[in-house]
Visitor: 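Sending over a structure as structure tokens; questions will come in a sec.
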Amino acid sequence: MKTKPLGELDELVLLAIGIVGEGAYANSIKRCINEQTDRGLTLVTTHAALHRLEERGYVQSRMGGATDKRGGRRKRLFTVTHAGFAALERTRTARERMWQLMQGRRPSEGLA
Amino acid sequence: MRDVHPPRIALTLLQRFCAAHWREELEGDLAEEFEDDVLLYGARGASWRYWRNVIRFMRPYIIRQREAPFHQAWGGIMLRNYLTVALRTFRKNAGYTFINVSGLAIGMACCLLILLLIRHEWSFDAFHEQADRIYRTYVTSEQPDGEQSVQAMMTVDFTENLLAAYPQIETATRVVGAGQDLTVNNRTYLRELMQADPAFFEIFSFPVLAGDPATALAGMDGIILTAETASLLFPNHTGYGDVLGESVTIERGPETYAFTVTAVVADMPPNSSLLFDAMISFDNHERIHLGGNNWSGRTSTYVLLPEDLDASTLEAQFSPFTNVEFARYRDRLLNFNMVVDREDALQLKLQPLRELHLSPEVWTPYEVMPHNPLYSYILGGIGLLVLLIACINFMTLSVGRSTSRAREVGMRKALGAVRGQLMRQFWGEAFVLSSAALLLGFILASLALPGFNQLTQQDLALDALQGFELGLAVIVLMVVVGLVAGGYPAVVLSRFHPSVVFRGVLSMRSNHWLTRSLVVLQYTISIGLIVSTIIMTQQLTFLLEKDLGFEDDGVVAVQTRQVNQDAMPALLERFRTRLVPQEGIVALAGAELTFTRGSNREIWEDASGQRHAAYHFAVDYNYLDVMGIDLIAGRFFSEELATDRTHGIVVNEAFARDFGVTPEEMVGTAIDNWITWVFDDTPHVLGVVRDFNYRSLHEEVPPVAMHMHPNRELTGAMLIRIHPENVSQSLGLIEAAWADLLPDEPFNYSFVDEDMDQLYQTEERWSHIVQYASLFAIAIACLGLLGLSTLTVAKRTKEIGIRKVLGASVPRIVSLVALEFIKLVIFANVLAWPLAYWGMQEWLTGFAYQIGISPWVFVGAGLAAVLVALGTISYQTIRAATANPVRALRYE
């Protein structure tokens, strides 16, 4: 299982898509991440991350949902693929395992 | 809420650099962001952030264009659709299609014919296998006035000497030729007979049908015939081999010489400079003298160089040989002051065989008249011009028809067609039409070929187009025409925007400046050609009818050059006593030459050191009467004074002008130093005659002097003035007299006025060519105008309908529609007049005697063009003007 690990931003994006659910697109994803974290993500970075994820097959997109606010232009709507979800799970599993191995140690207790 | 927009410039920038497939979502996302930002940061802040975003988006993966999907425009299903649509379009607009195709076809036919001609002239002598190594010798001499004089006639010994001096030359041959009677079984045929050395067939490649040409000319009695001549002389023989060994006789004066057929060669191809029907060995040249004489020699000489020898290298080595070989020639020239007195005044040069036909300056009487390359260029130009007009037509019509196809374009684009596909579709249609036009053009060309052959005095055949280069040229023609003619509409039609089209906005108006200027261009060319035709015809008529200063009609010239000259004076007397009393014969005289045969020219210095030039020829006592030349001072030669013959000359006004005296003063003047080979003592002027144009009207009348050549008899022609009525009877009398007095000499006669007219043969030909060209041009221009007017009118039906409803009368509407086109034609006139004027002025300067260019010519041509244009569009405009306005306005 030598697949390249999921980057931190990528992971956030995937999660955000999951949170937003139906109609997740660049702006809503960015908003969600900025609300949930302190990252101050820009549209450009989101877009690049989404593009990367799609290239790897973790998300898939389709065009749709034009609104007047956008001057009649359609959005690119994203959904997480099975592979994407699997990658998310792998990451989470690995994180959780490592947290568990830390056995609840804190900094003040002389964490090495 | 204020109407705030993202900054336009930033948006445009984004649209510019962003790849097509990202554009929509990026613009949308950024727009949304902007709206939110306005609420958070205000308009200015939002704009700034927008800019930041746009800049940040300039990343490779955004900018990189995705590969265009593979378009199947040329293969498979789409092709069938294009074909179907194309055919439907053609059938629906059968009229326009026909106009389009026929216009192109006419242009192509023109080009094809001209291409044939040019190819013919430029392909001369290329069929010889060793053509690149064959050269003809000629000698140039530098005249005192700086001009170069060229002579291609060599002496009979020249070949031998040349080969001896330069053994690196492979071989050489002498060639002379003339018409000669050949007799077989008491039947006589006039054929072109040539004399050449056996090396002739080593140098030139004339296929042999029977016998061996190498040995055929070895003996003096061998004669080679061409296939055609062999069939003519021996109609009963079956194969060429049978003809070998047969006997042919040639009579010269009292002698008869017998020859045996030793070989038969294939007929001459039409593009050979050397044409002969029969050939005998050059060794016969003393007993059978063919051809003329020049100071430099009497035979044409061709050499064959080895492959590794370069002509210019050899030429550089010729000097020592030239000085020896042409010493005598040079001395004669020096004697008459026709060459500078310098070491290298005379130079021997080599003319490549391929250039023979295209160099009119270097010529011998033994080859086909060369072709002036200038004519090819001009003809080619005309052909291209006509084709250009046809292409312009095509473009105009296609674009004009564009509105009817606008919907189709819109549909295709809405269904996903890319501009490139559409362009290919329309280009393809243009190619189909272009090929159809080429086919039609071929048919037209073959129909017009007999007439064309007559016009150009050639014998061209379309199957000559089988040649590789010509077939290639034809294909190139079709492709280029298709590209050019189809290019403009293809580009323009494919530009249509579906939204624009379906909203009903017509972006292509027939009033578009481009289509207008195309029509103007067509008419300018046509009018220019018409004016040229008129002026050329006028000049030609002027030339043919101009008073030449002598009575040229009713004078018969009979060749007497070949007759024993010493016997001529007595013979002339006998002719005179016999013929002049007869009904219809007015006067008879003898002269050294007839006017069109050229004459001698002398440049000399008189005692005071002044230079003069004059032409001169010998005449007899009755010359003035026969030629009808006016004497304006002094007198003519008189039989009573013997000194008239030995010392007298009669000059013309130009001669007197050259001496700076009046005609009266000229009489009695002594002319010293002049034609010392004619006069032993200084001649005196007996009289002065009015200037007469005995040379072509291309030149001014030169100084001329007539004398009676005291030292020898020189009667090249017998000139007889006859009554204009009953010409054939008078001719019969002359011929009968000749048969009695000179039964052994051929009777060659011609009419002096016809001979003079012959001088302008070239002009006549050109006049005809320009005539036809202008016909073509205007036909095509009219086709163009016809198509254009139809379309315009169709487009304006609504407008016309409304006008009619509002009360306009039919004439008013007609003038309204017609006026637009007439304006174009008038503008074309304005352009064409100066161009045509300048062009014709240039052409006229080639003549010493020109007509003035009358302004009426231009007005006439302009009027003609306008009338023709009116006629062309009349049907359409009248129909439109009388149409029922209800019909026009029904659909809105």
Visitor: Output all residues satisfying side chain to side chain contact (heavy atoms under 4.5 Å, CB included) with B:Arg412, sequence neighbours left out; order by chain, then residue number.
Guide: B:Met78, B:Asn81, B:Tyr82, B:Val85, B:Glu408, B:Ala417, B:Leu422, B:Gln425
Visitor: Looking only at heavy atoms, which two atoms of B:Ala31 and A:Arg73 are closest? And how far apart?
Guide: CB-NH1, 4.3 Å
Visitor: Run the side-chain contact (heavy atoms from CB on, under 4.5 Å) test on B:Glu25 and A:Met63 for me, step by step, so that the C-alpha distance in whole Å, both residues' side-chain angles and the decisive distance to 0.1 Å come before the verdict.
Guide: CA-CA 8 Å; B:Glu25 67 196 74; A:Met63 299 297 287; 4.1 Å; yes
Visitor: How about A:Glu96: does its CD atom have over 12 heavy atoms from other parts shown lying under 6.0 Å from it?
Guide: yes
Visitor: Would one find more than 12 heavy atoms of other residues, nucleotides or ligands at under 6.0 Å from atom CD1 of B:Ile9?
Guide: no
Visitor: Any chance CZ of B:Phe17 has more than 12 other-residue heavy atoms, nucleotides or ligands included, within less than 6.0 Å?
Guide: yes
Visitor: Without swapping roles, check the side chain of B:Glu24 against the backbone of A:Arg74 for a donor-acceptor pair under 3.5 Å.
Guide: yes
Visitor: From B:Arg49 CZ over to A:Thr42 OG1, what is the distance, rounded to the nearest 0.5 angstrom?
Guide: 9.5 Å
Visitor: For B:Trp51, I'd like to know if atom CH2 has over 12 heavy atoms of other residues, nucleotides or ligands within 6.0 Å.
Guide: yes
Visitor: Could you tell me whether a side-chain N or O of B:Asp29 sits under 3.5 Å from a main-chain N or O of A:Ala26, the two making a donor and an acceptor?
Guide: no
Visitor: B:Ile62 versus A:His51: any side-chain heavy-atom pair under 4.5 Å?
Guide: no
Visitor: Under a plain distance cut-off of 3.5 Å, with no hydrogens placed, do A:Glu55 and B:Tyr61 share a side-chain donor-acceptor pair?
Guide: no
Visitor: How about CZ on B:Arg52, more than 12 heavy atoms from neighbouring residues, nucleotides or ligands closer than 6.0 Å, or not?
Guide: yes
Visitor: Do B:Glu33 and A:Lys30 sit within salt-bridge range, that is, some charged N less than 4.0 Å from a carboxylate O?
Guide: yes
Visitor: Out of A:Thr45, A:Asn27, A:Leu43, which one racks up the most heavy-atom pairs below 4.5 Å with chain B?
Guide: A:Asn27
Visitor: B:Asp36 versus A:Arg31: any side-chain heavy-atom pair under 4.5 Å?
Guide: yes
Visitor: Which bit of B:Arg23 comes within less than 4.5 Å of chain A, counting heavy atoms only: side chain, backbone, both or neither?
Guide: neither
Visitor: Between B:Leu30 and chain A, which part of the residue has a heavy atom less than 4.5 Å away: side chain, backbone, both or neither?
Guide: both
Visitor: Going by the angle between their ring planes, with limits at 30° and 60°, are A:His47 and B:Phe57 parallel, tilted or perpendicular?
Guide: perpendicular
